[in-house]
Amino acid sequence: MTTDTSPMLARIARLCHDVDTAAGPAVLPVIASILDSLAAPIRVAVVGRVNTGKSTLVNALIERDVAPTRATECTRVVTVYRRGTPHRALMIRRDGSWFSLDFNTLRLPDTLPLPLSDIDHVLVDLPQNALTHLTLVDTPGLAVTAAHEERTRQALLSQSPSADRETRFADALLYLFDLTQHHDDVAFLNDLLDADVGFSSANIIGLLSRADNFGDGPWGYRDPIDRAGERAHTMATDLSALVATVVPISGLLAETASTGKLTNTDTRALADLDRIADTDLRAIALNAPPGTDPDTLARLVRLIGGYGIRHCRTLAHAGTPAVTDWLADRSGIAQLRSIIHSRLTTRTHVLKASRALTQLRLAAPSVPACPVIMNMIDQAKADPVLHPIAELRALEDLKRSHPDNPARAVLEHLLSAADDRQRLDLPPTASAAAIADEALQRASRARADAAFLRNGAVADALHVISRSYSLIHRSWSPRR
């Protein structure tokens with residue numbers, strides 16, 4: 001196995017060509033959708049119940065205050081944010097036609113010029129570096145109305161490619177849980193996995209939203225973000241069959257820190273509140289203390305909430321950069337970006353290739369050449385270049401059936417490591433002979449462990465692991 005994963009996408013492209021030749025025009029829309037996705041950054045949908053802070057989080061990840069965060073018409077349609085120049089916002093009708101929205105302020109309008117029933121989605125191009133490696137899909141809130149939820153489900157589950165391919169077949173998901181976990185959340189995620197359109201616990205990251213208000217809130221005895229972290233850890237264990245992990249997040253703090261909203265004037269006003277004792281702080285959320293402008297206080301509450309006011313007023317004496325750095329750290333946005341990188345962007349090719357196989361498999365029954373296409377897919381899956389897909393699916397099976405089995409950690413490491421030396425826990429200076437020898441030993445051990453087990457997810461995972469190491473051994477062994 002090599003560190004360059006581009007052969008994986010090349011193999012998928014070749015498979016698409018073969019399927020196109022065998023099936024003809026009937027599968028052309030599916031082929032076009034797959035090929036478009038292979039050349040694009042990973043597409044990550046942001047999903048959750050209403051008022052969980054989806055658009056606020058989108059602004060934080062984009063590092064620009066572009067998405068409306070109040071309940072407006074624009075928050076009731078699917079909105080796709082991608083890197084592009086010049087900046088523009090297009091409203092895409094259901095018939096595939098489009099026209100430009102007013103986007104001169106680089107913020108989407110609260111109202112839209114057409115009835116929501118006529119709009120499929122909004123497409124936003126921004127020259128943001130944060131969008132270089134991922135495209136974000138903001139979705140309407142779940143459990144509000146049937147129409148809103150249907151828009152989200154259609155964007156994630158639709159199997160019919162159309163002119164709006166940007167919103168179809170998202171590669172991964174950020175799912176925001178409210179402070180109270182609802183049965184609907186688990187039901188929705190189960191529906192996603194049961195739909196068999198490419199979502200799994202490997203490409204869904206759970207977020208415990210509004211962490212700064214968790215438990216007794218910002219004025220309680222215990223730090224709410226620390227408590228949210230404990231709760232997120234429990235949720236990650238309980239929901240391991242549905243999500244890769246759960247991260248506590250404060251979208252409000254993250255948005256303010258990431259978009260540069262906090263000004264020096266704000267920081268001076270915050271520092272002025274340092275004169276107020278802790279026991280009196282809670283009251284300022286309702287009434288401005290003597291000598292404090294009510295509008296200034298209201299702005300601080302909008303920017304950083306009670307939690308930020310309580311914990312940043314002393315730090316504010318050090319200046320705006322110090323407060324912004326603290327907000328970014330406590331908000332969880334840095335941890336989330338790290339997880340997106342390690343769990344999603346570094347696995348982009350694996351996730352895209354896996355999704356492509358799913359799309360082709362779903363399309364095959366609609367054409368007479370179905371048996372031929374299914375055979376092509378099976379041959380592609382057996383190709384060593386696509387073996388990481390087998391690792392990913394073995395990991396998913398283990399998370400559902402044996403989440404505590406040591407093989408899970410091995411698969412996580414194989415998928416996340418940057419190169420074969422890292423996969424084998426060898427130093428960067430390890431020779432080819434050392435790599436080949438270590439890989440052979442590990443392959444033999446995994447194969448021997450599998451031999452003592454009955455058929456099942458663990459045995460299957462060990463066979464996959466054995467093949468992973470065997471492929472590494474083969475690629476580093478001297479050619480004969």
Side-chain angles (χ1 to χ4, degrees), residues 44-63 69 130 134 136 138-139 141-142 172-182 184-186 188-189 201-259 301 303-312 315 323-344 399 403 412:
V44 180
V46 182
V47 182
R49 297 170 66 91
V50 67
N51 292 330
T52 51
K54 296 183 299 298
S55 298
T56 303
L57 177 62
V58 166
N59 286 338
L61 289 171
I62 294 176
E63 299 178 357
T69 54
L134 82 162
L136 288 172
D138 194 3
T139 63
L142 301 174
L173 201 73
L174 302 180
Y175 191 91
L176 280 80
F177 294 95
D178 205 346
L179 297 179
T180 301
Q181 182 181 321
H182 298 272
D184 292 347
D185 296 320
V186 176
F188 180 83
L189 291 173
S201 61
N203 59 2
I204 300 177
I205 295 173
L207 302 174
L208 182 55
S209 69
R210 297 189 293 166
D212 54 316
N213 283 295
F214 192 76
D216 295 329
W219 311 104
Y221 177 73
R222 289 194 59 196
D223 189 299
I225 292 181
D226 290 342
R227 292 190 64 184
E230 295 169 1
R231 175 58 181 157
H233 178 76
T234 300
M235 291 175 64
T237 301
D238 295 343
L239 302 175
S240 62
L242 300 176
V243 298
T245 188
V246 179
V247 181
I249 191 81
S250 168
L252 178 65
L253 303 186
E255 181 187 47
T256 297
S258 300
T259 60
V301 171
L303 288 176
I304 59 177
Y307 184 86
I309 291 174
R310 180 179 185 183
H311 294 280
C312 288
L315 181 62
V323 175
T324 299
D325 289 345
W326 187 90
L327 292 173
D329 178 66
R330 293 302 290 163
S331 71
I333 192 66
Q335 181 187 8
L336 176 58
R337 287 193 178 107
S338 176
I339 289 174
I340 289 174
H341 175 73
S342 63
R343 299 292 184 102
L344 300 181
K399 291 186 69 175
E412 289 274 14

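Just the heavy atoms: all of them, side chains too, but no hydrogens, waters or symmetry mates, feed the values below. Position 1 is the first residue of the sequence, and the numbers go up from there.
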*Verdict with supporting geometry, F177 and R49, side-chain contact (heavy atoms from CB on, under 4.5 Å)*: CA-CA 7 Å; F177 294 95; R49 297 170 66 91; over 6 Å; no
_Intermediate values then yes/no, side-chain contact (heavy atoms from CB on, under 4.5 Å), D138 and L57_ = CA-CA 9 Å; D138 194 3; L57 177 62; over 6 Å; no
*Please report the C-alpha distance between L207 and V246 in whole Å, then the side-chain angles of each, then the deciding distance to 0.1 Å, and finally whether the side-chain contact (heavy atoms from CB on, under 4.5 Å) criterion is met.*
CA-CA 5 Å; L207 302 174; V246 179; over 6 Å; no
_Run E230 and M235 through side-chain contact (heavy atoms from CB on, under 4.5 Å) and show every step you take._
CA-CA 9 Å; E230 295 169 1; M235 291 175 64; over 6 Å; no
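Of the options I333, I340, I339, a side-chain contact (heavy atoms from CB on, under 4.5 Å) to V247 is made by I339 and by none of the others. Tested against F214, the residues I225, L208, D223 include a single side-chain contact (heavy atoms from CB on, under 4.5 Å) partner, L208.
Scanning both residues, P218 and N213, for their nearest heavy atoms gives CD-OD1, 3.4 Å. Here the shortest heavy-atom pairing between G220 and R310 reads O-NH1, 3.0 Å.
A search for side-chain hydrogen bond (donor to acceptor under 3.5 Å, both in side chains) contacts involving R337 returns E63, S258, not counting sequence neighbours. Considering only residues two or more places apart in sequence or on other chains, N59 meets the side-chain hydrogen bond (donor to acceptor under 3.5 Å, both in side chains) condition with D65, E255. Under the side-chain hydrogen bond (donor to acceptor under 3.5 Å, both in side chains) criterion, R227 pairs with no residue at all, not counting sequence neighbours.
Side-chain atoms of V301 and I309, non-hydrogen and from C-beta on, do get closer than 4.5 Å to each other. Between L61 and L174, the closest side-chain pair of non-hydrogen atoms falls below 4.5 Å. Taking 4.5 Å as the limit, every side-chain heavy atom of L252 sits out of range of all side-chain heavy atoms of I304. Contact annotation: the side chain of V44 never approaches that of L173 to less than 4.5 Å [non-hydrogen atoms, C-beta and beyond]. You'll find the side chain of L189 reaches within 4.5 Å of the side chain of I204, heavy atoms only. In this structure, V323 and H311 have side chains that are not in contact, with every pair of non-hydrogen atoms separated by 4.5 Å or more. Using a 4.5 Å heavy-atom cutoff, the side chains of L242 and Y175 are not in contact. Using a 4.5 Å heavy-atom threshold, the side chains of P224 and Y307 count as touching.
With T139 contributing its side chain and V46 its backbone, the two residues share a donor-acceptor pair below 3.5 Å. In terms of modelled atom types and a separation under 3.5 Å, the side chain of S331 and the main chain of A328 share a donor-acceptor contact.
For the atom pair CZ of R343 and OG1 of T245, the computed distance is 5.5 Å after rounding to the nearest 0.5 Å. How far CG of D329 is from CD of Q335: 10.0 Å, rounded to the nearest 0.5 Å. With rounding to the nearest 0.5 angstrom, the CG atom of L176 is 5.0 Å from the OG atom of S209. The NZ atom of K399 sits 6.5 Å away from the OG atom of S240 when rounded to the nearest 0.5 Å.
Side-chain N/O atoms of D216 and Y221 include no donor and acceptor closer than 3.5 Å. Counting only N and O atoms by type, the side chains of D178 and T52 include no donor and acceptor under 3.5 Å apart.
No salt bridge links R231 with D226; every basic N to acidic carboxylate O contact stays at or beyond 4.0 Å.
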